[in-house]
There are 2 protein chains.
Amino acid sequence: MTITQLHYVLAVAEYKNFTKAAEKIFVTQPTLSMQVQKLEEELGVKIFDRSKKPILLTQVGENIVQQAKNIVNESNRIQDIVDQQKGFIGGEFKLGIIPTIMPTLLPMFLRNFINKYPKVNLKIEEMTTQAMINALRDGHIDAAIAATPLDEDDIFEKPLYYEPFVGFIPQSHKLFKKKKIMPDDLDPDELLLLEDGHCFKDNVLNICKSNKLLQNDHFNLESGSFETLIKLSNEGMGMTLLPYLHTMDLSEKNQENLRMFEEPSPAREVSLIHHKSELKMQIIEKLHEVISGVVRGAIAFQNIKIISPKPN
Amino acid sequence: MTITQLHYVLAVAEYKNFTKAAEKIFVTQPTLSMQVQKLEEELGVKIFDRSKKPILLTQVGENIVQQAKNIVNESNRIQDIVDQQKGFIGGEFKLGIIPTIMPTLLPMFLRNFINKYPKVNLKIEEMTTQAMINALRDGHIDAAIAATPLDEDDIFEKPLYYEPFVGFIPQSHKLFKKKKIMPDDLDPDELLLLEDGHCFKDNVLNICKSNKLLQNDHFNLESGSFETLIKLSNEGMGMTLLPYLHTMDLSEKNQENLRMFEEPSPAREVSLIHHKSELKMQIIEKLHEVISGVVRGAIAFQNIKIISPKPN
DNA sequence: ACAAAACTATAAGATAAACTTATTTAATTT
DNA sequence: AAATTAAATAAGTTTATCTTATAGTTTTGT
């Protein structure tokens with residue numbers, strides 16, 4: 001049994017197809033076939049059931065794949081140990097970011113980070129929270145930025161900052177005249193919302209319903225579309241909520257529609273999340289350091305009420 | 001990086017000597033030299049400091065060895081998974097047993113176990129509790145039988161049975177006339193004891209002192225030497241305590257000197273212990289099953305007071 | 001149902017990796 | 001300083017791994 005063979009098994013298990021897996025890991029298909037067979041022979045069991053297409057994992061196969069993931073993870077950790085010792089911060093690092101955080105946060109820290117750690121080859125991908133969790137588990141990404149808490153017990157969360165929500169209220173709206181708004185002022189049925197799955201906790205307000213309506217309808221608002229939300233709002237579709245960092249980019253005219261909450265302001269917790277396997281921790285720590293440092297300058301609220309991303 | 005290379009590193013780390021390590025793992029010394037060098041080159045660090053003799057681990061080396069142990073353990077687990085699936089109970093299994101349990105317990109279960117699981121190649125070694133803990137950590141043994149609790153957080157304990165202590169009281173002794181004895185009757189200063197490190201808990205009696213005296217003096221009583229203890233006792237050196245199972249082998253004459261404790265009788269907890277890495281769990285479970293089944297027949301006490309092996 | 005397409009397995013030869021024996025070099029003892 | 005002990009290097013052999021080419025399967029589409 002070699003680590004290479006385990007890699008091969010994982011690739012086949014992932015793509016359920018020898019040919020595709022072979023392409024992805026840059027070997028020929030016979031290499032995969034033979035090495036997987038060799039391992040199967042050594043262990044004395046079939047890992048894959050090739051009689052059906054797409055290929056299936058046998059029962060033992062499932063367990064073997066699970067364990068193979070552990071072994072491969074643990075073996076990746078050795079280079080980590082070496083890097084850490086050398087104080088080397090570098091190599092490829094894949095970071096996932098949810099759409100509603102991407103456009104505001106990325107410009108704030110990216111230049112800073114790549115200047116400070118030029119040897120890190122950052123690859124950033126926009127993805128949903130659920131896709132992130134899966135990608136972290138599979139090792140497809142090394143870390144991600146999302147609204148937390150997620151309550152996934154194999155995902156660790158390192159909070160980056162607490163970002164207050166700010167009301168965006170059109171002139172026609174009855175709340176426009178108020179200087180500060182309160183959670184109780186919000187009417188879920190006329191609130192325009194973007195963030196997938198982000199809900200106030202029960203005791204504040206549950207706005208998932210309106211959220212879902214928007215998403216399942218014509219709109220499926222994605223990255224950068226807070227602009228859309230603002231336009232809809234200005235056209236009398238109702239008020240909306242924006243994360244604080246996003247409000248800093250608004251035109252002067254739009255700024256006039258902003259209304260802060262009475263303190264403690266509802267806020268979302270934004271965290272750097274990673275898998276419990278703790279691979280590439282050095283980079284994760286530096287990333288956390290840079291981002292929270294940069295954001296600390298932009299957000300200086302004290303009185304904040306954290307909001308959970310999921311209804312419960 | 002291959003699993004083989006990690007094995008080689010572990011061997012060298014263990015014997016601090018390439019030549020010896022090479023012998024132990026049945027390869028030639030140049031093979032070790034070259035493969036270790038190759039891994040060092042791949043990682044870009046020296047794992048061993050060869051400038052001194054015996055060889056030292058570098059700082060990174062220490063960490064690498066630690067991680068290598070994890071990886072090797074996890075990779076051994078794959079065959080385990082396969083065996084489990086097949087319902088196969090077999091292969092080499094190394095079991096450590098402490099000297100004071102060995103002679104009485106081993107004959108009780110050994111034949112039974114090897115008949116039931118003939119494919120298991122049991123290798124039994126007598127060793128002290130501390131040696132066991134180290135051997136379990138290093139993977140030199142797969143499981144062990146010892147008095148518990150040990151309070152080692154990487155060692156799991158599966159209690160096998162609770163074995164009462166029985167007083168062995170020479171005719172000359174003042175307690176000889178009593179039918180049953182009580183913990184308070186015992187005088188630590190005149191109690192002959194054998195078991196290394198086994199002490200009544202504070203609230204019963206702390207007999208470690210007398211124990212240590214015996215050990216550090218001329219005697220270092222080892223396996224099978226309860227006989228010696230009994231002879232010493234019969235010659236007026238004082239009373240002693242014997243574990244219940246041992247008393248079953250005594251001559252009729254010696255049986256007359258036995259005095260049970262008033263219930264609840266003090267007892268020692270004897271457990272099958274293994275490392276948290278949970279390798280060869282199938283065999284461990286079967287072993288536990290067989291031993292506790294066999295002993296259940298021999299010990300049928302209800303009222304027992306468990307005694308801790310260590311003073312605290 | 002039959003041909004085409006899509007996959008996987010096998011064969012054979014090329015490449016590369018790992019291992020052994022023999023020898024050299026370096027460090028430690030005496 | 002010589003003898004001893006242990007690790008590194010060199011050279012050649014064996015073994016393992018990979019690729020190209022090809023033969024079998026299973027699935028898909030008409």
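First the proteins, then the strands, lettered A, B, ... as listed; each starts at 1.
Here B:T28 lies in heavy-atom contact (under 4.0 Å) with a base. Note on B:Y8: only backbone sugar-phosphate atoms sit closer than 4.0 angstrom, heavy atoms only; bases stay farther off. Residue B:L32 is out of contact with every strand shown, counting any heavy-atom pair closer than 4.0 Å.
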Distance-only donor-acceptor hits, side chain of residues 82-99 of chain B, under 3.5 Å, sequence neighbours excluded:
from  : atom 1 : to     : atom 2 : distance (Å)
B:D83 : OD1    : B:Q79  : NE2    : 3.2
B:K86 : NZ     : A:G44  : O      : 3.2
B:E92 : OE1    : B:K123 : NZ     : 3.2

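Looking at B:Q35 and B:H7, their side chains never bring a donor and an acceptor atom within 3.5 Å of each other. With no hydrogens or angles considered, a side-chain donor-acceptor pair links A:Q29 and A:S33 at under 3.5 Å. A:E62 and A:T58 form no side-chain donor-acceptor contact under 3.5 Å, judged by distance and modelled atom types alone.
Distance B:I25 CD1 to C:dC19 C1': 12 Å, rounded to the nearest Å. The distance between atom CZ of B:F26 and atom P of C:dC19, rounded to the nearest whole Å, is 15 Å. With rounding to whole Å, B:E23 atom CD is found 14 Å from D:dA7 atom C1'. Atom P of nucleotide C:dT20 and atom CD of B:Q35 are separated by 10 Å, given to the nearest angstrom. For the pair A:K20 NZ and C:dA5 P, the computed distance is 18 Å after rounding to whole Å. Per the geometry, CG belonging to A:L39 stands 15 Å off P belonging to D:dA16, to the nearest Å. To the nearest angstrom, P of C:dA17 lies 11 Å from CD of B:Q5. Remark: C1' of D:dA7 and CD1 of B:I47 are 16 Å apart, rounded to the nearest angstrom.
Classification of B:D80 and B:K280 as a salt-bridged pair fails, no side-chain N sitting under 4.0 Å from a carboxylate O.
Remark: side-chain polar atoms of A:N63 are not paired, donor with acceptor, to backbone N or O of B:I81 under 3.5 angstrom.
A 6.0 Å sphere centred on CD of A:Q59 holds no more than 12 heavy atoms belonging to other residues, nucleotides or ligands.
At D:dT19, one or more side-chain N or O atoms of A:T31 fall inside 4.0 Å of OP1 or OP2 (strictly under the cut-off). Applying the 4.0 Å criterion to OP1 and OP2 of C:dT8, one finds that A:N17 has a side-chain N or O inside that range.
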Each nucleotide N or O in nucleotides 8-10 of chain D that has a protein N or O under 3.5 Å away: list the pair and distance.
from  : atom 1 : to    : atom 2 : distance (Å)
D:dA8 : OP1    : B:R50 : NE     : 2.2
D:dA8 : OP2    : B:S33 : OG     : 2.6
D:dA8 : N7     : B:Q29 : NE2    : 2.9
D:dA8 : N6     : B:Q29 : OE1    : 3.2
D:dT9 : OP2    : B:Q37 : OE1    : 2.9

Would you tabulate the pairs of protein nitrogen or oxygen atoms and nucleotide nitrogen or oxygen atoms of nucleotides 28-30 of chain C closer than 3.5 angstrom?
from   : atom 1 : to    : atom 2 : distance (Å)
C:dT28 : OP1    : B:S51 : O      : 3.3
C:dT28 : OP1    : B:K53 : N      : 3.4

- Item | Check against salt bridge (charged side-chain N to carboxylate O under 4.0 Å, His left out), A:K20 and A:E23 | CA-CA 5 Å; A:K20 272 184 202 154; A:E23 275 170 27; over 6 Å; no

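Here the closest heavy-atom approach between residue B:D151 and residue B:E157 is recorded as N-OE2, 3.7 Å.
The B:T4 side chain lies nearest to C:dC19 when the options are C:dT8, C:dC19, D:dC18.
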